[in-house]
Chemist: 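The structure that follows is given in the form of structure tokens.
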Amino acid sequence: MSLLVKICGLSTRETLDVALDAGADMVGFVFFPPSPRHISLEAGRDLGRQVKRRALKVALTVDADDATLDNIMDALSPDIFQLHGSESVARLRDIKQKFGRPVMKAVPVATSADLAVLSGYAAVADRILFDARAPKDATRPGGLGAPFDWHLLENLDLKLPYMVSGGLHADNVAEALRVTRAGGVDVSSGVESAPGVKDPEMIKAFIRAARATQDASQELSVR
Ligand SMILES: O=C(O)c1ccccc1N[C@@H]1O[C@H](COP(=O)(O)O)[C@@H](O)[C@H]1O
């Protein structure tokens, strides 16, 4: 299966176009006011229209209530929800049933004990996103540009598709993919010149570097 590349935290028409033109499979929009990448519903509506099915639209939320998700559905009509808070298995089931969209559950990772939650989520999530666990005093649970120890996923036996994120950038994405064997990668800080400010050249370099790992593995398999 081909590698999924997600560029998250897009907030301008210009950088969204750069990500789409460079071949992002998923474009993420953050609906979480404490984040420097938070966008309004109106911006979500506008950016969502611009996507025109060139990539999957991902709505990132953190422990959002039904009213918030309803508003996001109306504005962005996301293809998938990225649930980046402490949403329970029951809440995932509830969201899927109420909103009829697949869900990608972010699982914070710092030690192997953090993987214990997988058996519960695997029964209901459509995809798992492994992200670095944020420090206790962080203002947000992700988007901090910090990696986790990818070797914790080395012996992972998960039937669901999964992606990795946390501190990825053009120079380490190949190694992250090699170690984790993930089917996708997600980046925010690693393609920014400052928190919330996406950099077109960094977006292009990230997508190029991720795709290069795919080309290399295809080359190996035809030999
Ligand atoms: O981007 C944010 O501000 C954010 C806020 C709240 C939860 C998650 C957030 N971002 C996600 O975190 C990971 C890692 O990001 P980074 O590349 O280390 O900056 C990624 O999945 C973002 O989508």
Side-chain angles (χ1 to χ4, degrees), residues 3-12 15-16 19 24-40 43-44 47 55-64 68-69 72 76 78-87 91 102-110 114 121 125-150 152-153 161-177 180 182-199 202-203 205-207 209-210:
L3 179 75
L4 289 177
V5 181
K6 171 169 173 271
I7 305 293
C8 198
L10 292 156
S11 58
T12 67
T15 52
L16 173 58
D25 302 290
M26 294 179 165
V27 285
F29 304 102
V30 177
F31 297 92
F32 182 58
S35 167
R37 297 138 193 142
H38 170 72
I39 58 169
S40 67
L47 294 170
L56 295 177
K57 293 175 287 183
V58 182
L60 188 161
T61 61
V62 178
D63 296 316
T68 304
L69 296 181
I72 293 171
L76 177 70
D79 297 294
I80 179 164
F81 279 109
Q82 176 176 331
L83 305 175
H84 221 108
S86 313
E87 297 87 358
R91 179 63 178 146
V103 300
M104 171 157 75
K105 179 70 190 96
V107 170
V109 183
D114 290 322
Y121 286 130
D126 297 276
R127 188 176 293 279
I128 298 291
L129 173 67
F130 293 104
D131 188 19
R133 179 177 285 285
K136 280 202 169 52
D137 57 352
T139 55
R140 51 187 188 273
L144 298 163
F148 65 95
D149 178 3
W150 305 318
L152 292 169
L153 302 187
Y162 63 94
M163 301 177 66
V164 284
S165 68
L168 297 181
H169 49 71
D171 295 331
N172 68 2
V173 64
E175 181 64 2
L177 282 166
T180 64
V185 284
D186 182 11
V187 64
S188 197
S189 309
V191 294
E192 291 180 343
S193 55
V197 184
K198 290 287 182 285
D199 180 296
M202 291 168 87
I203 292 175
F206 183 83
I207 296 177

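Every number for a ligand or one of its atoms is a count from 1 in the order of the listing.
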Chemist: Is there side-chain contact between Pro34 and Val62, with heavy atoms separated by less than 4.5 Å?
Modeler: no

Chemist: Which ligand 1 atoms does Arg140 reach within 4.0 Å, using its non-hydrogen atoms?
Modeler: 3 (O), 5 (C)

Chemist: Would Pro141 count as a contact residue for ligand 1, given that I'm defining contact as a non-hydrogen atom of the residue lying under 4.0 Å from a ligand atom?
Modeler: yes

Chemist: At a non-hydrogen distance cut-off of under 4.0 Å, which region of Leu60 contacts ligand 1 (side chain, backbone, both, or neither)?
Modeler: side chain

Chemist: Where is the nearest protein heavy atom to atom 23 (O) of ligand 1: which residue, which atom, and how far?
Modeler: Cys8 SG, 3.0 Å

Chemist: Scan residues 134-148 for pairs that pass side-chain hydrogen bond (donor to acceptor under 3.5 Å, both in side chains), counting only residues two or more places apart or in two chains.
Modeler: none

Chemist: Given 3.5 Å as the limit, does a donor-acceptor pair link the side chain of Lys105 with the main chain of Leu83, or not?
Modeler: yes

Chemist: Which is closest to atom 12 (O) of ligand 1 in terms of heavy atoms, Gly28, Gly143, Pro34, Gly85?
Modeler: Gly143

Chemist: Is there a heavy atom of Gly167 sitting under 4.0 angstrom from any atom of ligand 1?
Modeler: yes

Chemist: Which residue is it: Phe148, Tyr121, Trp150, Tyr162? I am looking for the one with a ring-ring contact (aromatic ring centres under 6.0 Å, His included) to Phe130.
Modeler: Tyr162

Chemist: Identify, by atom number and element, the atoms of ligand 1 in contact range of Gln82, meaning under 4.0 Å from any of its heavy atoms.
Modeler: 21 (O), 23 (O)

Chemist: In chain order, what residues pass the side chain to side chain donor-acceptor pair (under 3.5 Å) check against Glu192, with sequence neighbours excluded?
Modeler: Arg37, Lys198

Chemist: Quick one: CG on Leu4 to CE on Met163, what's the gap to the nearest 0.5 Å?
Modeler: 5.5 Å

Chemist: Can you find a pair of side-chain heavy atoms, one from Thr68 and one from Phe31, that are under 4.5 Å apart?
Modeler: no

Chemist: What is the distance from atom CE of Met104 to atom CE of Met26, rounded to the nearest 0.5 Å?
Modeler: 5.5 Å

Chemist: Is it true that Lys6 lies under 4.0 Å from ligand 1, counting heavy atoms only?
Modeler: yes

Chemist: What atoms of ligand 1 come closer than 4.0 angstrom to any heavy atom of Val187?
Modeler: 17 (O)

Chemist: Below a 4.0 angstrom heavy-atom separation, can you tell me which part of Ser189, side chain or backbone, both or neither, approaches ligand 1?
Modeler: both

Chemist: Who's the nearest protein heavy-atom neighbour of atom 2 (C) of ligand 1, and how far?
Modeler: Arg37 NH1, 3.2 Å

Chemist: Would you say Asp131 touches ligand 1, if touching means a heavy atom closer than 4.0 Å?
Modeler: yes

